[in-house]
Amino acid sequence: MYRNILLLWAVIFLTFSTYAQRVEPPFWWTGMQNKQLQLLVHSTNIAQYQLKLDYPGIKVIKIHPAESPNYLFIDLEIEPQAQAGSFYLDFYLGKKRKLHLFYQLKTRSENAAMVRGFDQSDLLYLLMPDRFANGNPQNDQLTAMPDTAQRSNPDGRHGGDIAGISAHLDYLKSLGITALWINPLLENNMPQYSYHGYAITDYYQIDARFGSNSDYLALVEKAKTYQIKIIMDMVFNHCGSEHWWMKDLPFNDWVHQYEHFTRSNYRAETLMDPHAASSDRQIMSNGWFDRSMPDLNQNNPFVANYLIQNSIWWIEYAGLSGIRMDTYPYSNQAFMKRWVDAVYAEYPQFNILGEAWLQGVSHTAYFQSGSFPKIKSPSKLRSVTDFPVYYAASNAFNQNDSWTDGVASLYMTLSQDFIYSNADSNVIFLENHDVNRFASSIQNDLAKWKMGMTFLMTTRGIPMLYHGGEFMMDGAKDQGDAMLRKDMPGGWLGDTSNVFSASNLSDLQIEALDFTRQLSQYRHQHPALQYGKLTHFVPKNGTYVYFRKADWETFMIIMNNNEEDIQIKTADYDEILQSFKSMQEFGSTQWISIPSILNLKPKTATIYELKP
Ligand code: CA
């Protein structure tokens with residue numbers, strides 16, 4: 001008897017856990033520009049039921065069955081007169097009501113449509129939440145999630161969370177950060193390697209090991225009080241292989257299916273290469289990113305609607321200021337264009353950063369709106385990741401100067417800006433979570449590091465730091481991704497060194513941190529360094545000179561990439577300098593007359609403010 005009861009409970013548990021009822025998006029709003037809403041409803045054998053929905057201002061336009069009998073897609077129209085409120089989606093089999101699902105229409109906040117995205121006035125900061133700070137050790141081990149925190153494993157979870165970020169907003173503020181890109185926080189209930197967040201298993205839930213949806217909302221609200229915008233990392237190209245729908249796909253083509261595992265060739269150049277074999281282009285877009293990351297098929301219109309609504313739901317729900325879209329080139333490009341249009345239709349001043357990890361300037365510019373008027377389905381992105389600048393900056397300070405190498409590589413890269421519709425919107429960086437740490441690229445050399453940081457904060461574009469980069473955290477890609485994603489010292493109870501309280505840091509770390517703070521403060525105080533016109537001169541003898549000029553202020557930046565002192569004649573820069581009489585060096589309070597000869601110390605980047 002006891003055994004039978006156990007069995008019965010097991011059956012009930014399995015029934016509910018496997019076929020838990022879902023309605024997604026979980027709620028919606030009145031007053032959106034787009035009046036259409038497509039609900040995904042998942043429940044056992046729902047295809048045989050009839051829907052009854054009675055709510056003033058909501059019309060059921062069409063009900064679509066799926067290939068699985070356990071789904072219905074319901075097209076609703078929310079008329080302008082619809083009021084916020086709640087109602088039920090009732091599903092009947094004959095006269096018998098089988099399902100009674102609660103749904104809510106909320107009032108859209110008045111300011112939602114006017115949310116301003118990030119731009120070159122901002123300083124972005126990327127952080128990996130599992131590796132930033134463990135604010136709540138109680139969520140480190142959760143029984144429902146097999147991948148628990150084990151800090152000794154470099155590829156395991158370390159326990160960082162939303163509480164940890166929230167506790168250190170003052171630190172980010174002290175660095176001059178105004179916008180925070182957090183690697184994905186959505187549920188990744190994967191058996192291993194779940195810490196990085198790019199194998200999403202639920203698009204509507206924050207991973208419980210990071211916190212809850214309300215914790216995320218509270219973080220966004222708290223960050224606003226620090227004038228820090230939150231940029232959400234989204235992944236449309238692939239989901240996690242343990243995503244709940246993988247056990248019961250609505251349609252066979254919900255993800256791209258192959259008889260044998262088929263990996264993307266990661267060659268995004270195939271998208272714009274006029275000589276590309278179409279099979280290469282196909283495998284680039286439709287191959288799986290990894291065995292654990294099935295490739296979502298955005299050509300299926302229900303997948304497309306699902307993803308578009310999901311992103312709008314998060315912007316509206318959480319009050320986001322931006323999205324960083326992962327692996328932008330890997331998704332269907334006509335769909336991505338439609339998606340960006342849909343977001344900007346609801347939030348005209350919003351900003352989306354697309355990850356376009358390509359080597360070439362033209363390849364990168366392909367993904368920026370308006371760069372190539374002639375291409376079919378042109379991208380609508382305003383901001384792209386500027387990998388060409390990253391590659392140039394990683395090498396410039398190590399190389400011997402030549403026609404193309406050393407600081408000339410910075411010059412050469414920026415000289416191709418004509419191809420972008422707006423290079424000022426490019427997000428520039430010296431490192432991110434996928435590439436060599438800048439400190440490792442330049443052999444932990446403080447002088448070279450300062451040159452890189454000065455370049456980052458004074459050239460055109462939207463600068464971005466990556467957690468730890470502010471104090472020269474190192475890590476080499478050839479030693480594995482975990483080395484690029486080391487824990488922030490002090491984020492865990494008992495850490496011997498603590499960057500947040502500045503205790504037990506090395507002299508090098510202290511100097512780097514101070515430099516980052518001074519430089520970011522300087523950039524914030526001087527809009528010419530954010531918006532000013534960039535004019536650069538042809539590099540000579542391993543020196544690179546450029547100006548940022550606005551109507552009210554002008555800056556001159558000089559880099560000496562040589563291992564020895566060098567002298568430059570200021571008359572060589574008279575084209576701009578002739579309007580000015582005095583200069584003040586960054587870090588100094590003294591104005592001096594512009595001399596005819598400037599002596600530059602080895603491996604230095606100097607910023608001068610100019611005065612008539
Ligand atoms: Ca934790």
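Values below: every heavy atom of this structure, side chains too, minus hydrogens, waters and symmetry copies. For ligands, and for the atoms within them, numbers begin at 1 and follow the listed sequence.
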Item to check | Where the Ca ion (ligand 1) is the vertex, angle from Asn134 OD1 to Gly159 O to 10° | outcome: 70°
Item to check | At the Ca ion (ligand 1): angle between Asp161 atom OD2 and Asn136 atom O, to 10 degrees | outcome: 80°
Next on the checklist: Which atom name does Asp140 have for its N/O/S atom nearest to the Ca ion (ligand 1)?
Outcome noted: OD1
Checklist entry - Does NZ or CZ of Lys450 come closer than 6.0 Å to the centre of the six-membered ring of Phe515, within 45° of the ring's axis? => result yes
Checklist entry - Between Phe118 and Arg382, is there a cation-pi geometry (under 6.0 Å to ring centre, at most 45° from the normal)? => result no
Checklist entry - Is the shortest distance from a Lys or Arg side-chain nitrogen in Asp474 or Lys486 to a carboxylate oxygen in the other one below 4.0 Å? => result yes
Checklist entry - When you check the gap from the basic side-chain N to the acidic O, do Arg263 and Asp290 get nearer than 4.0 Å? => result yes
Checklist entry - Near the Ca ion (ligand 1), is there an N/O/S atom from Gln138 that is less than 3.0 Å away? => result no
